[in-house]
Every structure is written in structure tokens, then in C-alpha cells.
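Small disclaimer: the values here were computed from a predicted structure and weren't measured. Chain A is the first sequence line, chain B the second, and so forth, proteins listed ahead of strands; every chain is numbered from 1.
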Amino acid sequence: MSEMNWYFPESLDEARGLLGKGHVHGGGTQILKRNMRRINGLIDLGRLDLKYTENDGGIIRIGAAQTYTGAVQSMRDIDPDHILVKSLRKSSSESLRNRITVGGSVAAFLVWSDIMGPLLALEAAVSLVGKKEGDYPVGEFIENRKLREQSLITELSFRHNSWISSYYKETRVQFDHALFTVTILLRKIENRVDDCRMVIVGTKNRFMRLDNLAESLKNRPVDAVDPREIAQTLEIDFPSRRSLPSEYIGHLARIQIERGLEEVLRR
Amino acid sequence: MRGIFRVNNREKEIDFHPAATLLTVLRDNSNTEVKEGCGQGECGACIVLLDSEIVNACQVLAASAMDREITTTRGLGNIHSPHIIQQAFVDAGAVQCGFCTPAMVLVTLYLLDRYPDPSEEEIERVFDCVLCRCTGYVSIIEAVKLSAQRMAHGK
């Protein structure tokens, strides 16, 4: 086995210069699950100033090296009820939340990750340096593998709005990888639905945005929305798992969508 | 590769494999108080403080921990001069086989640094990272509360 080399860039320019030389740089803790023999180099981002959360005139910017713990603490100061506070606090355990990074999670896009649904619902953007330098919607980054080649995530950003939010992850115990997650954001004006976003992560295509449904709820009186009726009409395609057929997982998801909608509508 | 590790306020220059975890490096260099349980980041037996934050040493690549402050339970106290928390664990009967105890002590320190008078909810939330198969956790929670009382009174 050839020796694996480590690199500790102290600037983004230095990091940029290392890209495209056959080095793995996506994901942090997830790297340990890979076959390390195939990795011939690692870039440690610890010396770059990427561990921050800022409210930049209504745009929340989270540095790629911000841990889940750091993100929760910072977002709690900005909005204690924020969807990221709810979702990331449920993720794995305290000691792992101190290591799992926002950028690493997006780079790996693990289907069971607690950050993906909220970022998709928030319509977050991912900032890249390298071959495809620029800002891209998170959804596009996930679907377009070419964006990951020779690139480095530096930041996630999204507009800060006052959403009523609901987050659910389907697991048996906390440490389980989630079968699916349900993220719902809602805004009301004078007892009418002003805006709504719903994302399910864990479907056959990895994630599903319920855009048509969300659009149909806009301007409807809150009292006129029947969460059960809405959930029952949804067609969601999940992959079958061992001992869990896709139809049953879909049934579970519809229950949680109904409950989530009920929660945000009645608050 | 070679690097400097600051463990319990002492610097060590260590040769290690680039893919080695912090757990392996610590145990291979006399810090066997850091225990290997599952190797998956789920049991918490290998928890250490890395720059004052609890982390699973089995989930940290050693190279990323160079030049940072690593604290193990041995850095808090010893049998002749135990830390308040270590003594509280003994006094509360929270040590049976002892395998999880090094991690439990560090998690207690981490908790009390942030929540000097922790609620049950705060204790449960922070202690979600470390398992005990012996005690059933009741005595451990008592030890945490006893530690909080004693640290508040400077005993």
C-alpha cells in the first residue's frame, strides 16, 4: 500500500492548489468508513478559517468546517426555533456532533444525514472553490456529480426567514441511520398559508421535494387544510429495505407528513 | 508520519501510520486508559477531550489531532490525588467493571463546564454519547449530580 499523504493548507489558495491531484477531501468522519487503502492523500481543512456562523444582512452563512454543535449553538442565538436547531440536535450523539461538519455532511450527502432535508427546504446554496468555483443550490450540487470533482466546499448559505418548522427522522433508536426524514417549513399571514416547503430525504431518488403540494397550499386558509387528506394522496417512492417493503415505508412517511403538517398549521 | 501530540499537558513526538485513528495512537503510546469498545463511534468508551470538546477517539484520524490539546481521564487525577469527579464516581458507587468510567468522567467534566448545575434533561442529552452495560445509569447520574455539588462548593 502506498503511503497516504496529509496536507494542511493554511489558506484557500493553498487548498485550491492541492485540488485535482488525486486527493480525497470530501467528508470528515465519513472517511473512516471508506477503504482507506484507496486514499492516497487527505487535505485537513482545520487551519482554514471555515468554522463560523454569521448573519450577513439576513443571509445566514455557515462555514464548511462548522460542527453540528457549533451550528446548533449559533443558530439557537439567531432563532431558537430554527429547523437546523431541531434537526442537528437529534443527530447521532454529543461527541459526534462535536466532529461532524456541515461541509463534510453535504459533500458526502448521506441519505440518513439530519442536515440534508433542512438545507434543501431552506433552498440553501453551497459555495465551491476549485474547478467549478461558484455558488450552487444544494439540490443541484447533490444531483450533479461533476460539481464535486476537484472542488472544495467552503460555505453553506441561505436566507433567514421566520418559518414555523417541523422535523422528523424515522429511526428505531437514536443511533440508527434514518429510514427517511421529513422537513416541513410553513409561513402564515393572517391565518392563511403564505409559503410552504416540504422535503423528504431517503426516497428512491435520494430526496423528494413536495413542491406541487406546497404550492397548492399557498393562500389557503389554515383551517381549510386537511393534513390527513393531503398525506393520503401522496405518492412517495422509497427503496425496499430488508424486512421493510417500500409500501410500508411510504405508509410511515405519510403518517409523519400528516403529523408534521398538523404541527405547523396549528402553531 | 511523525507528529507532535499534546496529551495531558505533555508533548510527545510520535511516529504513526497516516490512517491511524487517535484511539490507536493514544493506546499505542501508553494511554491505555482510553478504551476501545465498538470502534464505530457508538459506545463512547474511547471518548477524550480534544480542545475541551468530547470526541470519540476512534472516529478522529490522529493526524488531524496533532498540535491540539488532548485530555484523558489520567490528565484529571490519579489514585493518590483524584479529581473531584473521579472521587464522586467512587463515592456514588458508579464504577462497576470500570470500562466506561474514563469516558464517563470526561463527559461529566465537559457537561459541568457548560452546565454547572445541569438539569436531568441536560445530563441525558450530553450523556447520549456513552454507554454503560453494568450500572443502569442511576448511580452514574447520581455521580454527576454529586460532582456538580462538590465542584460548586469547591471541594
Side-chain angles (χ1 to χ4, degrees), chain A residues 1-10 23-25 27-48 51 65-70 72-73 76 85-86 88-101 104 110 171-177, chain B residues 1-4 15-24 34 37-68 100 103-104 106-108 110-111 113-115 118 121-131:
Chain A
M1 180 173 79
S2 60
E3 189 88 332
M4 188 172 77
N5 297 308
W6 277 84
Y7 301 89
F8 300 90
E10 300 196 355
H23 305 131
V24 173
H25 43 73
T29 53
Q30 193 54 25
I31 280 177
L32 286 150
K33 308 291 185 195
R34 295 192 189 188
N35 183 352
M36 298 283 285
R37 290 167 191 253
R38 293 188 172 185
I39 297 173
N40 60 27
L42 274 174
I43 302 174
D44 185 297
L45 307 180
R47 296 179 195 185
L48 303 178
K51 201 172 181 180
Q66 180 65 287
T67 63
Y68 278 17
T69 297
V72 168
Q73 287 169 352
R76 199 165 45 206
V85 173
K86 291 178 183 174
L88 299 187
R89 282 185 80 166
K90 293 184 183 211
S91 189
S92 61
S93 66
E94 183 80 4
S95 51
L96 288 175
R97 290 190 291 270
N98 287 342
R99 287 295 291 179
I100 299 171
T101 61
L110 302 167
T171 58
R172 289 165 298 178
V173 294
Q174 183 166 322
F175 263 103
D176 263 356
H177 292 156
Chain B
M1 66 188 286
R2 177 174 286 192
I4 306 276
D15 286 314
F16 62 101
H17 190 279
T21 63
L22 179 59
L23 173 64
T24 300
V34 185
C38 67
Q40 301 289 318
E42 294 188 10
C43 74
C46 65
I47 280 176
V48 297
L49 289 169
L50 185 63
D51 290 341
S52 304
E53 290 194 330
I54 47 170
V55 298
N56 301 77
C58 69
Q59 299 298 300
V60 175
L61 288 168
S64 68
M66 294 190 301
D67 299 321
R68 297 173 69 178
C100 71
M104 290 288 184
L106 292 172
V107 176
T108 304
Y110 170 85
L111 170 75
D113 273 349
R114 285 151 183 79
Y115 307 102
E121 187 270 333
E122 285 159 351
I123 294 173
E124 285 180 16
R125 182 168 54 77
V126 171
F127 273 80
D128 67 357
C129 56
V130 56
L131 302 175

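Looking at Asn56(B), its side chain never comes within 3.5 Å of a backbone N or O of Cys58(B) through a donor-acceptor pair. Side chain of Asp128(B) to main chain of Glu94(A): a donor-acceptor pair is present (N/O by atom type, distance under 3.5 Å, no hydrogens or angles). Arg99(A) places no side-chain N or O within 3.5 Å of a backbone atom of Ser95(A) that could act as its donor or acceptor partner. Of the possible polar contacts, none joining the Asn5(A) side chain to the Gly41(A) backbone as a donor-acceptor pair under 3.5 Å is found.
Interface residue Arg125(B): backbone and side-chain heavy atoms are both found under 4.5 Å from chain A. Heavy atoms closer than 4.5 Å to chain A are found nowhere in Phe127(B), neither backbone nor side chain. Heavy atoms closer than 4.5 Å to chain B are found in both the backbone and the side chain of Asn98(A). With a 4.5 Å cut-off on non-hydrogen atoms, Val60(B) touches chain A through its backbone and its side chain both. Residue contact with chain B, scored on non-hydrogen atoms closer than 4.5 Å, involves the backbone of Ser92(A) exclusively.
Within the model, atoms CG of Leu106(B) and CG of Leu111(B) stand 12.5 Å from one another, a figure rounded to the nearest 0.5 Å. Going from atom CZ of Phe8(A) over to atom CG of Leu42(A) covers 9.0 Å, rounded to the nearest 0.5 Å.
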Criterion side-chain contact (heavy atoms from CB on, under 4.5 Å) on Trp6(A) and Leu61(B), from CA distance to verdict: CA-CA 11 Å; Trp6(A) 277 84; Leu61(B) 288 168; 3.8 Å; yes
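Taking non-hydrogen atoms and a 4.5 Å limit, the residue list of residues 43-53 of chain B in contact with chain A, ordered by number, reads Ile47(B), Leu50(B), Glu53(B).
With sequence neighbours excluded, no residue forms a side-chain hydrogen bond (donor to acceptor under 3.5 Å, both in side chains) with Arg89(A).
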